[in-house]
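Computation of the quantities below employed the complete heavy-atom set of this structure, encompassing side-chain atoms and omitting hydrogens, waters and symmetry-equivalent molecules. Small disclaimer: the values here were computed from a predicted structure and weren't measured. In each ligand, atom 1 is the first atom listed, and ligand 1 is the first ligand listed. Along the sequence shown, residues carry numbers from 1.
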Amino acid sequence: MNVIKVKNYDEMSEKATELIVNRINTLENPVLGLATGSTPEGLYQRTIKKFEQKEVSFKNVTTFNLDEYVGLDKDDSNSYYYFMNEKLFRHVDIAMDRVHVPNGVAQDLEKECMEHERAIEQAGGIDVQVLGIGGNGHIGFNEPGTSFSSRTHVVDLDESTIQANARFFNSIDDVPTQAVSMGIETIMNSKEILLLVSGEAKADAMAKLLNGEVSEDFPASILKQHENVTVIVDEAALTVAESK
Ligand code: F6R
């Protein structure tokens, strides 16, 4: 893993934007894997600015999101489709038929998972996958214990994940308990991975990632076996790793 240390969230977002804009501008038909959550928001904001300044276009870009809550419709303000549309898609020139967010209200969720995999394959695979990390080491919604050979699947969210995500909902009882998520193998098949890590809340996870073993108990640890991973991490997220 190529670890880039930065001062803070803004610098992390800035560096991530440089990398993503560069890939979009150099690849012929860029295929991006995208994440939701607080971590990539700064990346998306800055990417929109670059679009407005005509430094990047999404005309030839295809996207695949990592995950979606089961039971939330596209129009639900807590769905990840809604998040992506608000934070990125509706501000840029992307063709919406090239946008793929798993459908969390599909009648047949197994089929929906297979469809996500098939569409990724048909697009030629993911060129760059953007990831955040959960405090428990999850990537996508692959919670500790998930098989490293998993493909897009329906997952039960950990209690800690439900609690961490409750900040976006009116009450913790409204947080879905399941999601559709790309599997770990799906993520590992990406040609390049960009992991963004910011803030003290991620410091323990970051220390485990840097100093721990590769184990299904800590899903992000598998990233050490991928040959093209860039981690952009800020000082706050490094406090535990660097005190060891
Ligand atoms: C989001 C996702 C999750 C988040 C992780 C960190 O699509 O798959 O793995 O990246 O939970 O979330 P934040 O960035 O909100 O701390």
Which segment of L66 sits under 4.0 Å of ligand 1 when only heavy atoms are counted: side chain
Location of contacts on T39 toward ligand 1, heavy atoms closer than 4.0 Å: both
Within-shell test, R167 vs ligand 1, heavy atom, strictly < 4.0 Å: yes
Residue selection (non-hydrogen contact nearest atom 15 (O) of ligand 1) among G33, G199, S38: S38
Atom 2 (C) of ligand 1 - nearest protein heavy atom and its distance: D67 OD2, 3.3 Å
Cluster overlap I184 with V214, hydrophobic side-chain contacts below 4.5 Å: yes
Short N or O distance, G140 and ligand 1, threshold 3.5 Å exclusive: yes
Flag for T239-E200: side-chain donor and acceptor within less than 3.5 Å: no
Nearest neighbour in protein (non-hydrogen) for atom 12 (O) of ligand 1: K202 NZ, 4.2 Å
Heavy atom of the protein closest to atom 11 (O) of ligand 1 (residue, atom name, distance): H138 NE2, 2.7 Å
Per-atom contacts of ligand 1 with G37, taking only distances under 4.0 Å to non-hydrogen atoms: 14 (O), 15 (O)
For atom 10 (O) of ligand 1, the protein heavy atom that lies nearest, with its residue and separation: G132 CA, 3.3 Å
Protein residue, atom and distance nearest to atom 1 (C) of ligand 1, heavy-atom basis: T36 OG1, 3.2 Å
Donor-acceptor under 3.5 Å (N25 side chain, E55 main chain): yes
Under 3.5 Å side-chain donor-acceptor pair for Q45 and S13: no
With R151, the salt bridge (Lys or Arg N to Asp or Glu O under 4.0 Å) member among E110, E115, E117: E117
Donor-acceptor pair between Y69 and D76 side chains, under 3.5 angstrom: no
Under 3.5 Å: donor-acceptor pair, side chain of E112, backbone of G104: no
Ligand 1 contact on I133 by region, counting heavy-atom pairs under 4.0 Å: backbone
Backbone or side-chain N or O of Y80 under 3.5 Å from ligand 1 N or O: no
Side chains of H153 and N142, donor plus acceptor under 3.5 Å: yes
E143 side chain to L157 backbone, donor-acceptor under 3.5 Å: no
